[in-house]
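For reference, the structure discussed in these notes is given below.
Quick caveat: nothing in here was measured; it's all calculated off a predicted structure. Numbers here are sequence positions counted from 1.
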Amino acid sequence: MTARGIQADEGAEDLDVEEVLALVNDHTGHHGPGDHGPGHPSSGHHASGDHVPAPTPHAPGSHPPSPHSPDRHHKATPWPEARDIAARAARNATRAAGRAPVSVPLDAALGLTLAAPLTALTDLPSFDTSAMDGWAVAGPGPWDVRDEGVLAGHGESEPLTDGEAVRIATGARIPPDTNAVLRSEHGRSDSQGRLYATREVQPGQDIRPRGQECRNGDQLLAVGTVVTPAVLGLAAAAGYDTLTAVPRPRVEVLVLGDELLTEGLPHDGLIRDALGPMLPPWLRALGAEVIGLRRIGDDAKALYKALTKSDADLIVTTGGTAAGPVDHVHPTLERIGAELLVDGVKVRPGHPMLLARTKEDQHLVGLPGNPLAAVSGLLTLAEPLLRTLAARPAPEPYTLSLKEAAHGHPYDTRLIPVVLRGDHAVPLHYHGPAMLRGMAAADAIAVVPPGGARAGQESELLDLPWATAGIEVCFT
């Protein structure tokens with residue numbers, strides 16, 4: 001993820017998180033994941049009469065369509081619209097919560113979004129320094145060389161006089177009246193110890209002048225810049241110990257299901273829990289602070305208690321979103337008066353996913369229990385919501401042609417893991433709802449429109465966070 005230069009407005013130091021988010025949206029030209037222009041792959045997903053308007057959110061305490069209703073899937077939200085709804089929900093929550101920026105030590109700021117401009121606190125460099133190991137020289141050569149050299153980290157040396165030189169290390173402070181630095185490989189000494197240049201010396205060569213990179217007070221990075229390792233290095237060089245940033249959204253994960261094991265091999269109808277180990281690091285990669293992971297089984301009372309007691313910005317549940325005998329998410333949301341914003345999405349895998357507003361400043365993303373279907377829910381609902389809460393800029397959409405044909409669903413968008421090979425995306429096998437084998441090898445996700453895509457057809461791609469930024473960057 002690259003840092004973006006967004007011109008900060010006057011008074012940006014006093015911005016709240018909502019204003020930071022507005023700046024990010026305004027200057028990147030993104031107003032939500034569903035705002036695709038003509039020709040964008042997502043804009044044609046419903047050209048065959050499959051377009052269904054997003055469902056009207058249900059007011060708290062009202063009765064949404066039953067999950068057992070035969071037309072529930074028919075009323076599911078189209079995939080691009082579901083992503084847009086999630087981003088809008090986060091903007092509304094940010095406005096409602098009045099979240100304030102926080103001061104964060106440099107070692108805890110990676111991945112956050114700047115809420116105040118990074119302004120130079122000193123000139124960089126703050127004094128004239130040597131760009132090379134060699135000699136600082138004054139006047140024309142040959143030069144008499146001082147006995148003691150100049151090292152980095154030491155104070156100012158005595159001025160040089162014409163015809164005088166002194167050994168100097170890279171990064172050391174240039175003595176007053178120095179004309180140039182002669183590189184070690186470009187000088188030789190005679191038997192009397194006098195220094196000669198083996199090539200012409202240009203005035204000012206290999207000297208980094210004070211303020212070459214910036215002057216005290218210059219704006220180095222603007223509000224809305226994502227903190228990368230390079231941003232941390234620049235901030236440290238510019239004199240910062242802390243950064244003013246948008247706080248990470250706080251997420252609590254609730255793993256549902258009596259059939260899940262946390263260790264050992266599957267047996268007697270029990271299976272290993274794949275989502276408990278996978279979701280927290282993935283959510284951290286999306287910019288969240290995971291404040292807890294709880295396994296509460298298929299227990300409606302425990303789910304009700306967990307939802308009503310949570311103070312997270314986002315609750316993520318796994319399983320229980322369909323219409324089975326122990327699927328308690330819908331009834332529990334209805335019991336607490338939650339507002340369903342998305343109840344099913346026209347996407348495969350993962351169509352039973354949901355998004356609900358549980359409080360004015362809190363949301364719940366209900367993921368299906370099958371592992372790849374849960375990943376689909378993360379990409380569809382959790383990613384745009386968390387990205388918006390964190391005031392991160394939306395990624396630029398891009399496409400690649402498919403190396404092979406990708407089978408699609410007759411009516412729904414399909415998300416398929418792919419590997420990137422040159423200028424092609426190669427669809428991977430093992431992409432059933434319960435399979436992670438393809439995802440574990442993937443570089444990205446291809447967005448396949450209803451009906452499928454032929455070999456050579458351009459397909460929209462969603463990057464996986466670790467495929468571009470590296471494990472340590474994403475999951476810190």
Would you say that Pro105 contacts Asp241 through its side chain, given a criterion of any heavy-atom pair below 4.5 Å between the two side chains?
no
Are there more than 12 heavy atoms of other residues, nucleotides or ligands under 6.0 Å from atom CZ of Arg437?
no
Looking at every heavy atom in both Leu341 and Ala89, which two are closest together, and how far apart are they?
CD1-CB, 3.8 Å
Heavy atoms, side chains only, cut-off 4.5 Å: are Arg146 and Leu160 in contact?
yes
Which atom pair, heavy atoms only, marks the closest approach of Leu333 to Ala356?
CD1-CB, 3.9 Å
Yes or no on side chain to side chain contact (heavy atoms under 4.5 Å, CB included) for Val226 and Thr113, after CA distance, side-chain angles and deciding distance?
CA-CA 4 Å; Val226 175; Thr113 301; 4.3 Å; yes
Are Arg248 and Glu289 within salt-bridge range, i.e. N to O under 4.0 Å?
no
Check whether any side-chain N or O of Thr178 sits under 3.5 Å from a backbone N or O of Ala180 as a donor-acceptor pair, and report yes or no.
no
Less than 4.5 Å apart, side chain to side chain, heavy atoms only: is that true for Leu462 and Glu383?
no
Sub-4.5 Å side-chain heavy-atom contact between Pro417 and Ile445:
yes
What distance separates Thr225 OG1 from Leu114 CG, expressed to the nearest 0.5 Å?
5.0 Å
Using side-chain hydrogen bond (donor to acceptor under 3.5 Å, both in side chains) as the criterion, list what pairs up with Thr242, not counting sequence neighbours.
Ser103
Is Arg199 reaching over with its side chain to a backbone N or O of His186, donor-acceptor style, under 3.5 angstrom?
no
Which pairs with one or both residues in residues 201-210 pass salt bridge (Lys or Arg N to Asp or Glu O under 4.0 Å), sequence neighbours excluded?
Asp123-Arg210, Arg183-Asp206
Listed partners of Ala197 passing side-chain contact (heavy atoms from CB on, under 4.5 Å), at least two apart:
Trp143, Leu182, Val201
So do the side chains of Val347 and Met353 get within less than 4.5 Å of each other, counting heavy atoms only?
yes
Sub-3.5 Å donor-acceptor pair from the side chain of Tyr240 to the main-chain atoms of Leu232, do we have one?
no
From CG (Leu243) to CG (Leu221), nearest 0.5 Å
9.5 Å
Rounded to the nearest 0.5 angstrom, the OG1-CG distance for Thr308 and Leu303 is 9.0 Å
What distance do Leu415 atom CG and Arg348 atom CZ have between them, rounded to the nearest 0.5 Å?
11.5 Å
Would you say that Thr94 contacts Thr388 through its side chain, given a criterion of any heavy-atom pair below 4.5 Å between the two side chains?
no
Is the OH atom of Tyr196 crowded by more than 12 outside heavy atoms at less than 6.0 Å?
yes
Backbone N or O of Leu354 within a donor-acceptor pair of the Asp343 side chain at under 3.5 Å?
no
Side chain to side chain contact (heavy atoms under 4.5 Å, CB included) evaluation trace for Val290 with Leu279:
CA-CA 9 Å; Val290 179; Leu279 290 180; over 6 Å; no
Less than 4.5 Å apart, any side-chain heavy atom of Asp273 and any of Thr318?
no
Smallest separation among heavy atoms of Ala169 and Ala152, with atom names
CB-N, 4.4 Å
Verdict with reasoning, Gln205 to Val137, per side chain to side chain contact (heavy atoms under 4.5 Å, CB included)
CA-CA 11 Å; Gln205 75 178 26; Val137 300; over 6 Å; no
Partner of Leu381 under side chain to side chain contact (heavy atoms under 4.5 Å, CB included), picked from Thr77, Leu364, Val365, is Val365
For Asp133, is there any backbone N or O sitting under 3.5 Å from a side-chain donor or acceptor partner on Ser184?
yes
For residues Gly276 and Leu293, report the shortest heavy-atom separation together with the two atoms involved.
O-CD1, 3.3 Å
With sequence neighbours excluded, give me every side chain to side chain donor-acceptor pair (under 3.5 Å) pair touching residues 359-374.
Thr358-Gln362
Looking only at atom types and distance, does a side-chain atom of Arg167 sit under 3.5 Å from a main-chain N or O of Val145, one as donor and one as acceptor?
no
I need the Ser126 OG to Arg173 CZ distance, nearest 0.5 Å.
7.5 Å
Test log, rule side chain to side chain contact (heavy atoms under 4.5 Å, CB included), inputs Val329 and Leu256:
CA-CA 10 Å; Val329 174; Leu256 313 183; 3.8 Å; yes
Considering all heavy atoms, the nearest Ala406-Pro427 contact:
CB-CG, 4.5 Å
How far apart are the closest heavy atoms of Gly224 and Pro393, and which atoms are they?
O-CD, 4.2 Å
Does Asp144 reach the main-chain N or O of Glu164 with its side chain, forming a donor-acceptor pair under 3.5 Å?
no
Contacts of Ser310 meeting side-chain hydrogen bond (donor to acceptor under 3.5 Å, both in side chains) (sequence neighbours excluded), chain-then-number -> Glu252
Check whether any side-chain heavy atom of Val166 sits under 4.5 Å from a side-chain heavy atom of Glu158, and report yes or no.
no
From CG (Leu385) to CD1 (Ile85), nearest 0.5 Å
12.0 Å
Partner set under side-chain contact (heavy atoms from CB on, under 4.5 Å) for Pro209, not counting sequence neighbours:
Asp128, Gln212
Is a donor on one side and an acceptor on the other found under 3.5 Å between the side chain of Ser157 and the backbone of Pro175?
no
